[in-house]
4 protein chains.
Amino acid sequence: MRLLNHDSILAGKERSTLYRSTPRTRQNAADRAASIAEAARALLTESGFASATVKSVAARAGCSPGLLYTYFPDRAALLRGAFAHAAGHELAAVTRALEEAETVAEAASGLVSTFISRALAGARLADALLFEALPADVETERLSFRTSYAAAIAARLQAGVDAGEIPEQDTGLTARALSGALSGCLQEPIHDSGRSEFSEAEAAALIADMTVFTHRAIGVSP
Amino acid sequence: MRLLNHDSILAGKERSTLYRSTPRTRQNAADRAASIAEAARALLTESGFASATVKSVAARAGCSPGLLYTYFPDRAALLRGAFAHAAGHELAAVTRALEEAETVAEAASGLVSTFISRALAGARLADALLFEALPADVETERLSFRTSYAAAIAARLQAGVDAGEIPEQDTGLTARALSGALSGCLQEPIHDSGRSEFSEAEAAALIADMTVFTHRAIGVSP
Amino acid sequence: MRLLNHDSILAGKERSTLYRSTPRTRQNAADRAASIAEAARALLTESGFASATVKSVAARAGCSPGLLYTYFPDRAALLRGAFAHAAGHELAAVTRALEEAETVAEAASGLVSTFISRALAGARLADALLFEALPADVETERLSFRTSYAAAIAARLQAGVDAGEIPEQDTGLTARALSGALSGCLQEPIHDSGRSEFSEAEAAALIADMTVFTHRAIGVSP
Amino acid sequence: MRLLNHDSILAGKERSTLYRSTPRTRQNAADRAASIAEAARALLTESGFASATVKSVAARAGCSPGLLYTYFPDRAALLRGAFAHAAGHELAAVTRALEEAETVAEAASGLVSTFISRALAGARLADALLFEALPADVETERLSFRTSYAAAIAARLQAGVDAGEIPEQDTGLTARALSGALSGCLQEPIHDSGRSEFSEAEAAALIADMTVFTHRAIGVSP
DNA sequence: CATGAATGAGGTTTCATTCAT
DNA sequence: AATGAATGAAACCTCATTCAT
């Protein structure tokens with residue numbers, strides 16, 4: 001499966017440096033970059049993008065604002081990096097769930113339960129990833145991740161179609177619709193309600209209903 | 001059916017500055033407010049929210065920046081008003097399509113074809129309403145409209161359930177998922193592709209596929 | 001006794017008018033001007049100068065902002081007028097007390113008790129007149145009234161000197177000092193404490209102490 | 001003697017922007033803050049508060065407008081700081097004069113001569129500190145300094161009372177009245193006359209007369 | 001006389017980014 | 001490699017004043 005290379009964002013800019021690039025140097029640099037991205041991610045998760053100013057990210061990462069520009073070309077790249085860092089975990093979990101399933105029906109179940117249960121378990125992060133206002137420069141990253149989700153889903157659906165498990169369809173379209181549907185069904189509990197804790201029962205009910213929706217939508221025979 | 005009262009947003013602020021409220025006065029005021037909201041909407045549609053500064057909106061509306069504050073309490077309210085102005089039309093069209101249909105299957109078809117055909121016909125506006133980054137103050141309005149869409153859809157679905165046309169289900173959840181699915185299926189053509197013109201054939205194909213998706217998802221028997 | 005002509009401020013600007021100036025016209029005009037000044041005074045008393053915008057004064061006076069400029073050349077004149085309107089009453093009361101007294105000692109007592117008791121009785125107004133920040137254009141009026149107070153006091157003191165009741169002194173200087181002292185002794189109760197109600201006992205104590213201060217300061221033999 | 005801590009105003013805001021606080025860093029920061037406050041003070045003295053815009057203060061201090069906000073949280077704090085910077089010197093001089101005197105009579109003389117001679121020597125500054133219109137945000141600082149003057153005077157008077165040098169009295173009240181009297185006696189020469197140069201003889205005469213006033217007022221036996 | 005919508009200058013404030021050290 | 005003080009462009013918003021009606 002081919003994904004958009006979100007990781008490239010984390011690479012930041014080409015670092016012109018006076019120092020020869022030794023393994024030690026590179027390791028330190030990677031550590032720094034990671035600790036900065038991690039600091040940004042933590043701020044996002046805790047209080048949203050508005051609080052993630054360059055200064056506050058630097059403070060959180062324990063370094064100066066200036067140093068940050070050694071690792072990221074500008075603020076947008078930093079925030080995209082932080083977004084990708086967090087969203088990448090989610091995408092990986094969903095991708096794993098899709099790949100582990102034997103049938104397309106199981107894959108759909110796995111997709112729904114993985115997506116929803118992780119979102120409810122980390123509601124604050126999910127809110128940031130799915131619903132919060134983003135700077136225009138970062139919104140592109142969100143849309144790019146939606147595309148990646150759709151691609152992962154489409155690939156699995158296509159395998160299902162090829163295996164005759166589900167009807168012929170534009171699997172790309174179905175996948176984009178499903179990706180949107182999963183997001184749409186979470187707005188009320190995660191964003192509107194303002195809650196951040198959810199019981200197992202709530203999660204189970206939501207997952208059950210959305211699984212039915214998804215199975216029907218892709219044409220799994222009951 | 002009860003919708004969130006988005007129109008109230010257009011009312012702007014309490015106009016304590018108007019000393020006496022004559023019909024003539026009110027009409028002029030309403031005209032001005034509408035022309036300002038329209039200018040903002042045009043700017044959004046053409047070049048996104050970032051370009052909609054108070055100054056540029058005023059210039060576009062042919063008045064001074066200060067006058068905006070007679071009709072809107074602050075910039076966020078102005079932009080919310082512009083968003084609501086545009087989004088309200090779309091919501092009304094969709095609501096009409098839902099209400100005119102006799103069966104729930106027809107309602108679903110109407111929903112899908114109305115939503116998609118209007119979006120493809122006004123792709124730039126649809127992009128602004130559905131995908132572009134919004135200031136945090138305005139994003140709330142987008143989410144509020146999503147809720148209104150879901151409410152309109154849920155009401156029609158529930159009627160279908162009550163009439164025995166579709167299976168028992170949490171119609172609120174199904175509606176939110178569908179609302180998200182419709183949005184999700186448009187990202188690629190409307191936002192990612194960068195195109196703003198679409199052929200009838202393209203629209204028809206998309207509508208056809210999404211209608212199948214929707215009918216399956218809500219459980220309309222084939 | 002000659003006072004600065006504070007009333008001239010109330011005259012506002014020369015009113016060029018298309019109408020012949022009949023007695024009726026003049027009366028109406030005077031009424032309007034007075035009602036506007038009164039509205040401004042009321043706003044000052046209730047909520048200070050910051051709240052006395054041209055618009056709010058007009059609203060309070062039941063007329064349009066534009067009309068206000070028929071009677072006052074600009075906002076500063078309006079506020080000076082309102083200040084003079086209120087301060088003039090106080091000055092008149094003090095002047096009366098000074099003039100009614102037979103001896104300079106009684107005059108001093110009358111000055112102190114009139115000034116303080118009126119200030120405590122109308123603490124909100126006194127705060128505005130004595131302590132609140134004023135626009136630079138209006139502050140001149142406050143200083144001008146201080147001069148008028150000093151002039152009234154000086155005249156009475158000079159009579160006392162001439163009558164041999166108190167020692168030779170620069171009565172102008174003594175008067176200015178006393179005027180400042182009266183203001184100074186009220187800052188704590190009227191402004192700092194934030195209170196607006198004072199018991200008779202409090203007033204009596206303050207008056208008693210300040211009377212002693214004043215008698216000593218001007219040299220009334222005990 | 002406990003004074004209100006006006007110096008805290010100069011501290012500006014919590015400088016959370018300074019990452020590590022080294023002695024070198026602190027000294028530089030203090031220098032900058034002082035140079036900005038000094039620029040503001042100079043502007044006030046020369047042309048009043050209205051001219052002390054953030055931009056002009058920055059220009060005078062030789063830095064950018066934005067930098068001011070590193071040292072002061074907002075414009076009002078900056079102006080309060082500048083006011084306190086200047087007023088603090090005056091208060092310190094007066095306090096010193098009060099403390100150096102052996103008897104309460106000498107203290108009163110020292111108070112009067114210090115206050116008046118310094119005011120006449122720096123008439124433009126004195127005008128700004130005592131009489132000029134101030135923004136509401138800064139006027140609070142002026143009133144706070146009046147309170148501090150009164151406190152310093154009251155403490156010395158109370159010592160005089162305790163030593164039996166002057167009669168029993170509410171020394172707090174007497175002090176507030178004296179503080180007001182000193183201010184009141186300077187309005188004519190410093191503000192109304194528009195002059196900024198005064199001869200030794202003028203100063204001596206004013207001081208002599210006010211010393212008599214003050215001695216009488218507090219009850220020093222002749 | 002009276003209205004009140006319209007003007008528009010100008011101030012404060014934020015924060016991503018740079019660069020001398 | 002690291003610092004963090006300094007920059008400076010923009011944006012929002014207020015409100016005294018005017019003028020067409």
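Below, chain A is the first sequence line, B the second, and so on; all start at residue 1.
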N or O in side chain of S64(C) less than 4.0 angstrom from dT3(E) OP1/OP2: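 Result: yes.
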Side-chain N or O of Y69(A) closer than 4.0 Å to phosphate OP1/OP2 of dA2(F):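 No, Y69(A) has no side-chain N/O under 4.0 Å of OP1/OP2 on dA2(F).
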Of the listed nucleotides dT3(E), dA6(E), dT12(E), the one nearest the side chain of T53(D):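 In terms of side-chain proximity for T53(D), the closest of dT3(E), dA6(E), dT12(E) is dT12(E).
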Nearest-nucleotide pick for Y71(B), side chain only, options being dA5(F), dA6(E), dT12(E):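 Comparing dA5(F), dA6(E), dT12(E) against the side chain of Y71(B), the answer is dA6(E).
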Would you say the side chain of [Y] lies within less than 4.5 Å of the side chain of [X], judging by non-hydrogen atoms?
X       : Y       : value
L134(A) : E141(A) : no
T140(B) : R80(B)  : yes
D137(D) : R75(D)  : no
H85(D)  : E38(D)  : yes
L67(A)  : R32(A)  : yes

Please report the distance, rounded to the nearest Å, between [atom1] in [X] and [atom2] in [N].
X       : N       : atom1 : atom2 : value
R32(B)  : dG4(E)  : CZ    : C1'   : 13 Å
R75(B)  : dC12(F) : CZ    : P     : 5 Å
D74(D)  : dT14(E) : CG    : P     : 9 Å
L79(D)  : dG11(E) : CG    : P     : 13 Å
L67(A)  : dC19(E) : CG    : C1'   : 14 Å
L68(C)  : dT3(E)  : CG    : P     : 11 Å
D137(D) : dT12(E) : CG    : C1'   : 12 Å
I36(B)  : dA6(E)  : CD1   : C1'   : 10 Å

F72(B) to A37(B) - nearest heavy-atom pair and separation: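 Smallest heavy-atom distance, with atoms named: CZ-CB, 4.3 Å.
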Residue whose closest nucleotide on DNA chain F lies nearer the 5' end, A50(C) versus A52(B):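 First, find each residue's nearest nucleotide; the 5'-ward one identifies A52(B).
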Dot-bracket notation for DNA chain F, counting Watson-Crick and G-U pairs under 3.5 Å, with | for partners on another strand: .||||||||||||||||||||
Most 5' of G62(B) and V54(D) on DNA chain E, judged by nearest nucleotide: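 Its nucleotide being nearer the 5' end, the pick is G62(B).
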Which residue lies more 5' along DNA chain E, comparing P65(D) with K55(B) via nearest heavy atoms: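 The residue whose closest nucleotide sits nearer the 5' end is K55(B).
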Residue from R60(A), R41(A), R124(A) passing side-chain hydrogen bond (donor to acceptor under 3.5 Å, both in side chains) with E46(A):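 Exactly one option meets the side-chain hydrogen bond (donor to acceptor under 3.5 Å, both in side chains) with E46(A), and it is R60(A).
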